[in-house]
Amino acid sequence: MAHCIVPEAEAILDKEYPVLDKGFVRLVDYFGGDQRIVQSARVSYGEGTKTVSQDGALIDYLLRHQHTSPFEQVVMTFHVKMPIFVARQWVRHRTGRMNEVSGRYSLMKDEFYVPEADKVSPQSKDNKQGRCDEAFDVEKANQIISTLKEGQESAYNNYSSLIDEGLAREVARINLPLSLYTEFYWEMDLHNLFHFLKLRLDSHAQYEIRVYAEVLLEICKKVAPMATESFLNHINGGVNFSGEEMDALRKVLAGEPNPLEGKKLERFNEKIRTGVQL
């Protein structure tokens, strides 16, 4: 199996993609691309088909039928910088391998995330874990931003003072806020990266992690364009129906009454209307 070189991926190695006010994503290394996927899928029966259209069709087939192991053959390593509260959501995806900067060994930098005014919004009334779509007015938002900055400055000044007094770094860091930026190297295979993107590109995901997912998606398009296009079409832009919903869909298409009622009917109609998996 030949070593896969992807010119588009080579061109962006170590390129820094800015995210939020002080964060970034960099593709540090990659292993394989679309060709690695089709090579590994065909290993059991020789070379098989070779054209671009046939490769794309094979990748589509693999993704639609959840043949995941060929996608695990493609691996990417990223260097990312993000606020700690974003990183704590990020590490919920346990299939990634990471190595993070340590506040036990290193002095933490005076770098904190400060949201833009249009991202400072009240708590949503119908979503316990999210914010409203509309932000506070500019005056109120700027007042909140000033409060955030004051808290960050105070916390870092206290941290610096404790370090100067000789306190161990591992203890001095404990009062630093979640808005502090951290950095880590993160390695993930393409199958699990697509799962990450499916969840974190969703409109319900927190804005601050969603913008990182959007950059990862753009990098995936460089490394494995056919696989990423297939992901966008069949997974990210697709809709899953339950067995009960499929039965209802067959009856509706046959001109029969929809047997679903209440909340089930509402969810079914929403899937049909928006094409979004709820």
Side-chain angles (χ1 to χ4, degrees), residues 9-31 74-116 119 129 145 147-190 192-197 199-201 205-220 222-223:
E10 293 287 323
I12 63 168
L13 283 176
D14 291 323
K15 176 182 176 180
E16 190 172 294
Y17 290 81
V19 190
L20 298 180
D21 57 345
K22 304 177 187 72
F24 62 72
V25 174
R26 294 171 51 237
L27 177 66
V28 175
D29 201 359
Y30 71 97
F31 178 80
V74 180
V75 179
M76 285 173 255
T77 303
F78 302 94
H79 177 196
V80 292
K81 178 181 178 182
M82 64 187 64
I84 289 176
F85 71 89
V86 177
R88 294 304 163 256
Q89 295 181 46
W90 199 286
V91 298
R92 294 292 301 277
H93 299 268
R94 296 180 295 277
T95 48
R97 294 160 292 280
M98 67 178 293
N99 189 43
E100 186 176 8
V101 63
S102 173
R104 297 184 66 196
Y105 305 113
S106 306
L107 290 176
M108 304 306 293
K109 298 177 182 178
D110 185 8
E111 293 182 317
F112 297 89
Y113 169 61
V114 180
E116 298 290 335
K119 297 299 182 292
Q129 63 179 10
I145 289 171
T147 300
L148 292 174
K149 288 181 176 179
E150 289 170 5
Q152 292 166 353
E153 183 178 356
S154 175
Y156 195 82
N157 286 340
N158 289 337
Y159 167 75
S160 298
S161 296
L162 293 170
I163 292 292
D164 291 341
E165 292 174 17
L167 182 65
R169 288 186 290 269
E170 67 178 20
V171 180
R173 64 179 175 166
I174 64 178
N175 274 7
L176 290 173
L178 292 174
S179 56
L180 183 73
Y181 270 88
T182 186
E183 298 181 35
F184 54 89
Y185 272 54
W186 187 63
E187 184 184 80
M188 177 74 89
D189 67 71
L190 190 59
N192 285 295
L193 184 53
F194 281 161
H195 179 67
F196 175 97
L197 292 175
L199 296 176
R200 300 307 181 178
L201 288 171
Q206 185 169 349
Y207 164 78
E208 284 82 5
I209 197 170
R210 195 166 68 244
V211 290
Y212 280 91
E214 290 168 357
V215 173
L216 292 179
L217 176 65
E218 293 306 308
I219 293 174
C220 282
K222 302 291 187 182
V223 177

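By convention here, the first residue in the shown sequence is residue 1.
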For Glu16, does the CD atom have more than 12 heavy-atom neighbours from other residues, nucleotides or ligands under 6.0 Å away?
yes

Between the side chains of Lys81 and Glu111, is the shortest nitrogen-to-carboxylate-oxygen separation below 4.0 Å, so that they form an ion pair?
yes

Once you measure the plane-to-plane angle for Tyr185 and His79, does it fall in the parallel (<30°), tilted (30-60°) or perpendicular (>60°) bin?
parallel

From Tyr30 OH over to Leu190 CG, what is the distance, rounded to the nearest 0.5 angstrom?
13.5 Å

CG on Leu197 to NE2 on His93, rounded to 0.5 Å:
9.0 Å

So Glu218 and Val215, side chain to side chain contact (heavy atoms under 4.5 Å, CB included) or not? Walk me through it.
CA-CA 5 Å; Glu218 293 306 308; Val215 173; 5.6 Å; no

Residues Val114, Gln152; criterion side chain to side chain contact (heavy atoms under 4.5 Å, CB included); working and verdict
CA-CA 9 Å; Val114 180; Gln152 292 166 353; 3.6 Å; yes

Would you name the heavy atoms of Ile163 and Ala172 that are closest together and state the gap between them?
CD1-CB, 3.7 Å

Salt bridge or not between Arg88 and Glu208? Use side-chain N to carboxylate O under 4.0 Å.
no

In chain order, what residues pass the side-chain hydrogen bond (donor to acceptor under 3.5 Å, both in side chains) check against Asp21, with sequence neighbours excluded?
Tyr181

Does a side-chain heavy-atom distance below 4.5 Å link Leu180 with Met108?
yes

Please report the interatomic distance OG(Ser160) to CD(Glu165), rounded to the nearest 0.5 Å.
11.0 Å

Is the positively charged end of Lys22 above the ring of Tyr113, judged by distance under 6.0 angstrom from the centroid and angle within 45° of the axis?
no

dist Thr95:OG1 -> Asn192:CG (nearest 0.5 Å) comes out at 3.5 Å

When rounded to the nearest 0.5 angstrom, what is the spacing between CH2 in Trp90 and CZ in Phe85?
12.5 Å

Are the side chains of Val28 and Leu13 in touch, meaning some heavy atoms are under 4.5 Å apart?
no

Give the C-alpha distance, both sets of side-chain angles, the deciding distance and a yes or no for ring-ring contact (aromatic ring centres under 6.0 Å, His included) between Phe196 and Trp186.
CA-CA 13 Å; Phe196 175 97; Trp186 187 63; 5.3 Å; yes

Measure the shortest side-chain to side-chain distance between Tyr156 and Asn175 over non-hydrogen atoms and say whether it is less than 4.5 angstrom.
no

What distance separates Arg26 CZ from Asp14 CG, expressed to the nearest 0.5 Å?
4.5 Å

